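Structure first, commentary second.
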Amino acid sequence: MNETTTLSGEVTLTVVDAEGRKRHQSSHRNRVFSAGTQHVASCLVGEINSQTHWIEIGSGQQPDSGEDLDQLHELLRSNPVSSPEANGSELTFTAVFNAGEPMEVAESGLRFKYSRIESEEEVLYNRAVIDPPVVLNSNDRIRVQWKVFFDWIQLP
């Protein structure tokens, strides 16, 4: 019996104004970088000792390929996300940001920092381009929710 696994995901942005009214909500498909796939494989074979997750929002453009590991032009980075919510073959990471100043959000990323036996690495695992960009006012809050899906297919 052969199996294949695919990774996919999406990011949902929800913007709330200073009065608590929802001003914007949109969902965007992501790009799983090669480093992200390698990271999952390392976790499965027990090479990862510990890991920390961050959600970032940025102002950059679409990278040329899945090999571009650090092309996110970071505006804000969340506090570490302690652990994702797990639901079957789906992981959900959530962070809330206070804009603090007007800005345009054109991308979001899910980043992992992890340690192996003798080293520590940080990789941008998933990235989504927000098109059209979301404009934040200085008093806005933005809730960023990343969902990562693992799909297993059994081959004959």
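This one's a predicted model, so the numbers in the text were calculated from it and none came from an experiment.
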Can you find a side-chain donor-acceptor pair between W146 and T92 that sits under 3.5 Å?
no
For residues R29 and A128, report the shortest heavy-atom separation together with the two atoms involved.
O-CB, 3.5 Å
Which atoms form the tightest heavy-atom contact between I55 and A95, and what is the distance?
CD1-N, 3.7 Å
Determine whether S27 and T12 make a side-chain contact, defined as any pair of heavy atoms from C-beta on separated by less than 4.5 Å.
yes
Is the shortest side-chain heavy-atom distance between T94 and R143 below 4.5 Å?
yes
Would you give the length of the straight line joining atom [atom1] of [X] to atom [atom2] of [Y], rounded to the nearest 0.5 angstrom?
| X | Y | atom1 | atom2 | result |
| --- | --- | --- | --- | --- |
| S108 | Q145 | OG | CD | 11.5 Å |
| E101 | S138 | CD | OG | 9.0 Å |
| I57 | L13 | CD1 | CG | 8.0 Å |
| E107 | S59 | CD | OG | 6.0 Å |
| K147 | L110 | NZ | CG | 13.5 Å |

Qualifying residue, where the test is side-chain contact (heavy atoms from CB on, under 4.5 Å) with M103 and the options are L136, N137, I142:
L136
Determine, for R77 against E56, whether the closest basic-nitrogen to carboxylate-oxygen distance falls under 4.0 angstrom.
yes
Out of curiosity, does V11 fall in the hydrophobic cluster containing V16 (side-chain heavy atoms, cut-off under 4.5 Å, transitive links)?
no
If a pair satisfies side chain to side chain donor-acceptor pair (under 3.5 Å) and one of its residues is in residues 14-25, list it, with sequence neighbours excluded.
T14-Q25, D17-R21, E19-R21, K22-Q25, R23-D140, H24-S26
